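Shown next, in structure tokens, is the structure this report addresses.
Just so it is clear, the structure is predicted and the values come from calculations on it, not from any experiment.
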Amino acid sequence: MFSSLVLSTLTRTGSSLARRNASILLRQAHRAAVLHEIGKPLVLETVKRIEQLKDDEVRIKVHYCSLNSTDVQIITGKHPELQVPLPFIPGHEISGEVVEIGSNNPNFLKRGDRVVAMNDLQDPNGGLIEEVVVKNRDVWQVPSEVPLQEMTVMPYGHGTALLAFAMHCQLQENDLVLITAGPAGMGLAAIDLAVAVYKAKVIAICDTESSSDLVREKGAYKTVSMGKNYTKLYKNLADAMGDKKAKVAYDAVGKGLLHLLADFVDPEKGQMFSVDPFHNQAKLKASKPEYELPKKKERTEQDDQNAAKLIDNVVHIDLYEHPDEDVYRQMISDTIEMKSQRMVSGYISKVFLLKSVQKAVEFIQKKQCTGKVLIDVKCLDDDDCEDEAKENEK
């Protein structure tokens, strides 16, 4: 008769073999969160492995994937004009380990490298899968001292803000900056960069009280609650600004807020940016949120002309679509370097297991997040990891 110690050892060995055999089977197919119909829940299922890499592609074993509000808007059909091929695997901010590299390897990647990667918002082969294939140009090595978990949520938000502040407006110390911060984390990243690196004075317009608390912790000079009443928002922003004008308005929310912000931006030296992936300049010019001016504020014809000029010259920034690949790569390389030096940081609102991805979608829909939502992909079948991820979900 076996002793309890031997039985325990045999049980553990058997479980290990079972997991290893399952892993061998999964080499030909991988579990992924798949969208089959717009507006319907994601389905966790096994999908066929991409067998042959193209010369410029890299295969990555996914550890984490950020679930962004843009992903959720695609999943739920909030932007019907943005068509994606079905079936569709969401997720365009990814981290993990390099498994295989195509013959064209300009960035000198190696098997086993810890990396972050991005892919197109509309790419049907996104990061919510155990193993993803992306372009070599979209992969960056991550130093060992930088946690992959936190780095996953930083490339798009911090890289985009860096592109705006460094390349388009040369932000300086003590410059006054208006930043709208919604649930996606794009605004929060811009606040982090503007305050921590550029030492600018940020007035943050936040959609919830909890996000207001967070941006104050990040060093925002002042915060203003967004709410649904634009008249009240205008008044609160006017009180916060006094007689000052901002050098920059950085909008990560959309909803026509740039029209409202235009009154508070320097008409001569100021610049306005939209980083909303769904930004449409024609629609922005054609629509305007309804609000009333404070009674003490009189609007002049010159005010209207100044605001119209600023709106006409809104710069839309989409980091992934930047025409200069070197600039695109440099923005994220610099973000990784700043993180390595602890100059900036990402903020993770909550971590979910891949099998709980639909809960993550609902979490974002209910605006319960103040930063990025992260999906733990590597922990799908590991009991210890699962316990850790469940702890994060509490």
Compare every heavy atom of [Y] with every heavy atom of [X], then report the nearest pair and how far apart it is.
{"X": "K40", "Y": "I75", "answer": "O-CG2, 4.1 Å"}
{"X": "I60", "Y": "A117", "answer": "CD1-CB, 3.8 Å"}
{"X": "F108", "Y": "Q141", "answer": "O-NE2, 3.4 Å"}
{"X": "V265", "Y": "G270", "answer": "CG1-CA, 3.7 Å"}

Do any N or O atoms from the side chain of [X] and from the backbone of [Y] form a donor-acceptor pair under 3.5 angstrom?
{"X": "S66", "Y": "T152", "answer": "no"}
{"X": "K199", "Y": "A196", "answer": "yes"}
{"X": "K247", "Y": "D175", "answer": "no"}
{"X": "R111", "Y": "E97", "answer": "no"}
{"X": "N107", "Y": "N136", "answer": "yes"}
{"X": "D303", "Y": "T300", "answer": "yes"}
{"X": "D71", "Y": "L67", "answer": "no"}
{"X": "E150", "Y": "G346", "answer": "yes"}
{"X": "N236", "Y": "S225", "answer": "no"}
{"X": "T180", "Y": "A252", "answer": "yes"}

Looking only at side chains, do T335 and H158 share a donor and an acceptor under 3.5 Å apart?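 Not at all, the side chains of T335 and H158 share no donor-acceptor pair under 3.5 Å.
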Working note: Y328 + R137, criterion side-chain contact (heavy atoms from CB on, under 4.5 Å); need CA distance, chi angles, decisive distance, verdict. CA-CA 9 Å; Y328 159 66; R137 69 157 227 151; 3.6 Å; yes
Report the C-alpha distance between Y230 and K255 in whole Å, list the side-chain angles of each, state the deciding distance to 0.1 Å, and finish with yes or no for side-chain contact (heavy atoms from CB on, under 4.5 Å). CA-CA 11 Å; Y230 281 4; K255 301 180 181 178; 3.7 Å; yes
Quick one, Q330 with D334, criterion side chain to side chain donor-acceptor pair (under 3.5 Å). Give me CA distance, side-chain angles, the key distance, then yes/no. CA-CA 6 Å; Q330 192 63 52; D334 287 350; 2.7 Å; yes
d(L193 CG, L162 CG) to nearest 0.5 Å is 5.5 Å
State the CE-CG distance between M272 and L257, to the nearest 0.5 angstrom.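 The CG atom of L257 is 9.5 Å from CE of M272, to the nearest 0.5 Å.
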Is it the case that atom CD in E290 sees more than 12 heavy atoms from other parts of the structure closer than 6.0 Å? no
Cluster link V315 to Y156, ILVMFWY, side chain under 4.5 Å: yes
Quick check on the hydrophobic clustering: are V133 and V115 connected, directly or via other members, by side-chain heavy-atom contacts under 4.5 Å? no
Could you tell me if the side chain of [Y] sits less than 4.5 Å from the side chain of [X], heavy atoms only?
{"X": "L44", "Y": "V357", "answer": "no"}
{"X": "L260", "Y": "L237", "answer": "yes"}
{"X": "E321", "Y": "D120", "answer": "yes"}

Answer yes or no: is there an ion pair linking [X] with [Y], defined by an N-O contact shorter than 4.0 Å?
{"X": "R299", "Y": "D263", "answer": "yes"}
{"X": "K110", "Y": "D113", "answer": "yes"}
{"X": "R59", "Y": "E57", "answer": "no"}

Which residue, R49, R31, K61, forms the side-chain hydrogen bond (donor to acceptor under 3.5 Å, both in side chains) with E131?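 Of R49, R31, K61, side-chain hydrogen bond (donor to acceptor under 3.5 Å, both in side chains) with E131 is met by R49 alone.
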